[in-house]
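All chains are named by letter (A, B, ...) in the order of the sequence lines, taking the proteins before the strands, and each is independently numbered beginning at 1. Everything quoted here is computed from the prediction, not taken from an experiment.
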2 protein chains.
Amino acid sequence: MSPKITTELLKQLRQVMKNPKYVQEPIQAYIVPSGDAHQSEYIAPCDCRRAFISGFDGSAGTAIVTEQHAAMWTDGRYFLQAAHQMDNNWTLMKMGLKDTPTQEDWLVNVLPECSKVGVDPFIIPADQWKRMSKALRSAGHDLVPVKENLIDTIWTDCPQRPCKPLIVLDLSYTGVSWRDKITALRSKMAERKVMWFVVTALDEVAWLFNLRGSDVEYNPVFFAYAVIGMNTIRLFIDGDRMMDPAVREHLQLDSTLEPEFKIQVMPYGSILSELQAVGAGLSPKEKVWLSDKASYALTEAIPKAYRYLTPYTPICIAKAVKNASETEGMRRAHIKDAVALCELFNWLEKEVPKGTVTEIIAADKAEEFRSQQKDFVELSFATISSTGPNGAIIHYKPVPETNRTLSVNEIYLLDSGAQYKDGTTDVTRTMHFGTPSAYEKECFTYVLKGHIAVSAAIFPNGTKGHLLDSFARSALWDCGLDYLHGTGHGVGSFLNVHEGPCGISYKTFADEPLEAGMIVSDEPGYYEDGSFGIRIENVVLVIPAETKYNFKNRGSLTFEPLTLVPIQTKMIDVNLLTQKECNWVNDYHQKCREVVGAELERQGRHEALRWLIRETEPLVRVQ
Amino acid sequence: MSPKITTELLKQLRQVMKNPKYVQEPIQAYIVPSGDAHQSEYIAPCDCRRAFISGFDGSAGTAIVTEQHAAMWTDGRYFLQAAHQMDNNWTLMKMGLKDTPTQEDWLVNVLPECSKVGVDPFIIPADQWKRMSKALRSAGHDLVPVKENLIDTIWTDCPQRPCKPLIVLDLSYTGVSWRDKITALRSKMAERKVMWFVVTALDEVAWLFNLRGSDVEYNPVFFAYAVIGMNTIRLFIDGDRMMDPAVREHLQLDSTLEPEFKIQVMPYGSILSELQAVGAGLSPKEKVWLSDKASYALTEAIPKAYRYLTPYTPICIAKAVKNASETEGMRRAHIKDAVALCELFNWLEKEVPKGTVTEIIAADKAEEFRSQQKDFVELSFATISSTGPNGAIIHYKPVPETNRTLSVNEIYLLDSGAQYKDGTTDVTRTMHFGTPSAYEKECFTYVLKGHIAVSAAIFPNGTKGHLLDSFARSALWDCGLDYLHGTGHGVGSFLNVHEGPCGISYKTFADEPLEAGMIVSDEPGYYEDGSFGIRIENVVLVIPAETKYNFKNRGSLTFEPLTLVPIQTKMIDVNLLTQKECNWVNDYHQKCREVVGAELERQGRHEALRWLIRETEPLVRVQ
């Protein structure tokens, strides 16, 4: 991977930062956040402005360019990747390390007095604007909205915003109709005494209307906003997508409906003016509910006194708790996904020793096997197929320049998943196709112990996921090891592979409590720069736990793994496991064998079935 | 315990809430926080205003009185106690439970439109003022400072503010002179570019000047403020305490000193006017550093643009990391404390079966044994001596009305500690003087497993204590049990038994990372209302840990127990322990036997020594 040469681009950007065509007064710094106007994590090519200006294309990062400096903040997953992709014009700011300044502190330190810092008000979330603006103001600087995106002005070959056909998701997948979802939302609005709710996140729009799209790779969403009133529904969406008879039928656009369920379709670009009109017409006490992560531009459209901002929207919270149809769909999707991976690992086992399988070939093969499964739509994220030292690049994606050949001498890490119409998968397995060293097995086993500690944890109702994070690290900590990323994220149901409001991470505190029906990943790891990476990831469902006692009648929860792919026993140092941990592995493998075995049998995949049976042989612990 | 009858008092308070002598306009609600003008947790009798108005005298709680309602917010430690001590005029607000409203939400719900809510600006911390004020304003109400404390106006027999002699602590105890502490503070000030630092917490004043007092029971502090400039030191303190030759000598008040170490002594009551004068005389860029928990009154004395507020002051952080002299002092104090407890438990074992030992007698006996030890000053908090159902009242203190006789049929919980000139102790042991039931042993063993999980935890440098909290609960959670309090708090060195900025609790997120030299408690528990309480508490020192590997060269930490009192093996169900846990107990007891045994021997306490030896017999686990 050679770095992108950005000298000329930065020169151009610094010019437009002073160009009166775009800025009222010259700005001394310009912030390029990661997201789009919907604060999406995964973004369309036309929104990859930070990658365009810097070369760094990981999923998280914020660039700030001043007259003298260009700096990039990103987290532990991307330290290596960012360092590889950016040229010498850029300074890498490693978030989470003690000596790394915050963006605000850094700006205050490098800016000349009374500077103006610009940002696109549609891209920066309101809460970030507020924090940044306050910090800058207290140091004598100003954060200013720059209407025209300055990257777009220098991005001559910027791709078009996608506008692809929609998928209608019927009740057998969603469990709840969009009308019932609107009704539930309105009752939450009534509870909080708000009259309007603005849906800004793409996955929330998709979930609410039981529609899916493909405007953003890996995330089955489409560019749209919605504004829900107590008696009105406005959907802001472009293109001829609303001409599709199936969509019209699904949304009952041509039916005579109670007026409160009549959807008004409006152009995507009219959201700001429409919202400003809503804002201008509010009577006292009429509040408008927005996510505090909605863009500064949309938030400002509502006068401050009328805003009701919350970190998590009622849609975000409702979406996180999967209903029976969604849970069943997720189970089905994970069984199909396991079938594909059994095929893949069986194939790799035969092919790797020949020395012809590269990381890219392996990733493509994984996609090929997945695409053979029913209701397969696309991958749920860029496959991380990494061997040897590439495995230590936490969110690595193989490209021709880095593509490495799998061998019997190196650890292979595959983190991959897919979108099926019935569910979203995300699984990581770490394999060795030769003989792992004692040290590799030792590290793998610590990671496994952490994985089990979370997966088997029993905890009271009302517990927030971040309280479980240390369980995943304890075995690693005991010997001085650790990993620099969180342990788990929420997973959507045929939606974004990363979703809020719950997760398992030492980094969050404001996560919503876990409750039965939520789905998160459990993915501790261990990475040794320049050598190897290990990660073991299952998607797990929060379920009620049976306990001997029941303190204060609170009830308890635990996890049920939805992912059913064998964990390579060759990599396990059984003597480092407790009997309980050993039993967990054996029970898990027994379930993989039964459930996935039946499906492999049904699909006539006999060789993969034999592989599965061999890989799920019980561990025996020497006492 | 019968509740305090508050009908008349509330009537009087509601009258002064409308009395133009005290309030410009009538106020519709009055907030009575727990603390004093220094935001102390333990307060002098003259500051116990919340207890006076409500009857509830636990260490934490906030009362709010409106024209119609009187409500008390407190946490899980005090639910039972508060319910017992308050009459029907009061509504108990159980903090931490899902359905309990915040004070702000409750106020907004019960207040008539455009209400004024009053509070003493010296008592409310600035950060709480800000939060409360904002929430009230957004609902159309106003938070207003009421200069005269309204409780004081109706408290006819309010005791005088204490003004007791000071204790000079010499270098052998403190390790660092006050001049060196001032120098270190000034270098922290220079780093942050502030010109003034205002010391508002009583323990910070005491620590900075290496002085102790006895103005507040259990906390060896004295009423004072200090304002440290880059070249000046002002100490605000009343009475003839500065006449004491030892104090004058210690503070070098009569020596010819470099001017920057010359202490100006001023009356305690002049802090506000002096600080206002400082505030008025600031040149641009001259910042004043205050804790964000300093009172609203003092914070307002500094114009907003000149304030530098942090959650933890540099003194708070420096004070938390004990130096070698302090650590050695803490070790000595804990050995003496263990001697006293060995004597006590040996005595109880003989006396309890006679049926003559009450909770109060046992507490007094504990104090008697402690007071025999060298450098004993006073207790470090009110002894919690509780048997049977009283043990479930987490911060119970025996009083004649509740005083219960210890018996061979009930669990006895003793949470107690002392101030010695060389250190502060805080230890809880749960004992049975007959035969515990299988269920009692089971619960005790889960608590012990939690205690060990924290005490033996190894974690990376930079880890915050709250990340360890779940370790203490895991064994309880596994069978559906839990406890409604944090796991540990910082402990002062001959100072407050509760101190920041570190601790081990699911409730905090903004705690400072643990570092070697910090001292915290490790005290999981289990409480069954109406039956019994179990808690096992040691004070532990953060020390570097040796680990097999050293990820990113970060280094690891663990804990060394300073408390060396046997954990009753009779209460342990050995079969519920892992071999590792069993070894921990045996190693711990071995150390108790060696270290405390030698001191018992030296003090000629042979009977207690025999008790210690018997109580520290190794556990044997049946495989």
Side-chain angles (χ1 to χ4, degrees), chain A residues 76 96-98 138 140 284-285 304-305 307-308 439 442-443 446 453 456-464 466-471 473-474 476-484 506 508-510 513 526-529 545-558 578-580 623, chain B residues 76 96-98 138 140 284-285 304-305 307-308 439 442-443 446 453 456-464 466-471 473-474 476-484 506 508-510 513 526-529 545-558 578-580 623:
Chain A
L97 300 196
K98 213 181 154 182
S138 82
K285 295 227 161 187
K304 200 170 172 190
R307 285 178 214 155
Y308 181 75
Y439 178 62
E442 183 186 359
C443 295
Y446 297 145
I458 293 173
F459 47 92
N461 252 316
T463 302
K464 293 180 169 191
H466 74 263
L467 290 171
L468 309 179
D469 185 77
S470 297
F471 290 156
R473 298 175 200 274
S474 181
L476 288 161
W477 282 357
D478 277 347
C479 11
L481 304 180
D482 197 5
Y483 55 96
L484 298 180
Y506 63 97
T508 47
F509 196 58
Y526 175 67
Y527 311 90
E528 214 155 277
D529 288 354
E546 291 295 321
T547 53
K548 190 169 175 190
Y549 307 112
N550 188 6
F551 179 65
K552 302 269 182 201
N553 222 10
R554 281 194 300 180
S556 293
L557 299 170
T558 186
T578 64
Q579 189 56 53
K580 234 171 124 180
Q623 294 284 339
Chain B
L97 300 196
K98 212 181 156 183
S138 81
K285 295 227 163 190
K304 200 169 170 189
R307 285 177 215 155
Y308 182 75
Y439 178 61
E442 183 186 358
C443 295
Y446 297 145
I458 293 172
F459 48 91
N461 251 316
T463 301
K464 293 179 170 193
H466 74 263
L467 291 170
L468 309 179
D469 184 78
S470 298
F471 290 155
R473 296 175 201 274
S474 181
L476 287 161
W477 283 357
D478 277 347
C479 17
L481 303 180
D482 197 6
Y483 54 94
L484 299 179
Y506 63 97
T508 47
F509 195 57
Y526 176 66
Y527 311 91
E528 214 155 276
D529 288 354
E546 290 295 322
T547 53
K548 188 167 174 189
Y549 307 112
N550 187 6
F551 180 65
K552 302 269 179 201
N553 222 10
R554 282 194 297 181
S556 293
L557 299 171
T558 188
T578 64
Q579 189 57 54
K580 234 171 124 180
Q623 292 286 337

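With a threshold of 4.5 angstrom between heavy atoms, A/K464 does not approach chain B through any atom at all. Residue A/R473: no heavy atom, backbone or side chain, is found under 4.5 Å from chain B. In this structure, chain A has no heavy atom under 4.5 Å from any part of B/K98.
B/E442 and A/Y549 share a donor-acceptor pair across their side chains, judged by distance under 3.5 Å alone.
The distance from the CG atom of B/L97 to the CZ atom of A/R554 is 9.0 Å, given to the nearest 0.5 Å. To the nearest 0.5 Å, atoms NE2 (B/H466) and OG (A/S470) are separated by 7.5 Å.
With sequence neighbours left out, the side-chain contact (heavy atoms from CB on, under 4.5 Å) criterion links A/A545 to A/I458, A/S556, A/T558. Listed by chain and number, the residues in a side chain to side chain donor-acceptor pair (under 3.5 Å) with B/Y527 are B/H485, B/R535 (sequence neighbours excluded).
Classification of B/D478 and A/K548 as a salt-bridged pair fails, no side-chain N sitting under 4.0 Å from a carboxylate O.
When each of A/L481, A/L467, A/D482 is scored by its heavy-atom pairs under 4.5 Å with chain B, the top score falls to A/D482. Top candidate by heavy-atom pairs under 4.5 Å with chain A, chosen from B/F551, B/F459, B/Y483, B/Y526, is B/F551.
Looking at every heavy atom in both residues, B/W477 comes nearest to A/T463 through CH2-CG2, 4.1 Å.
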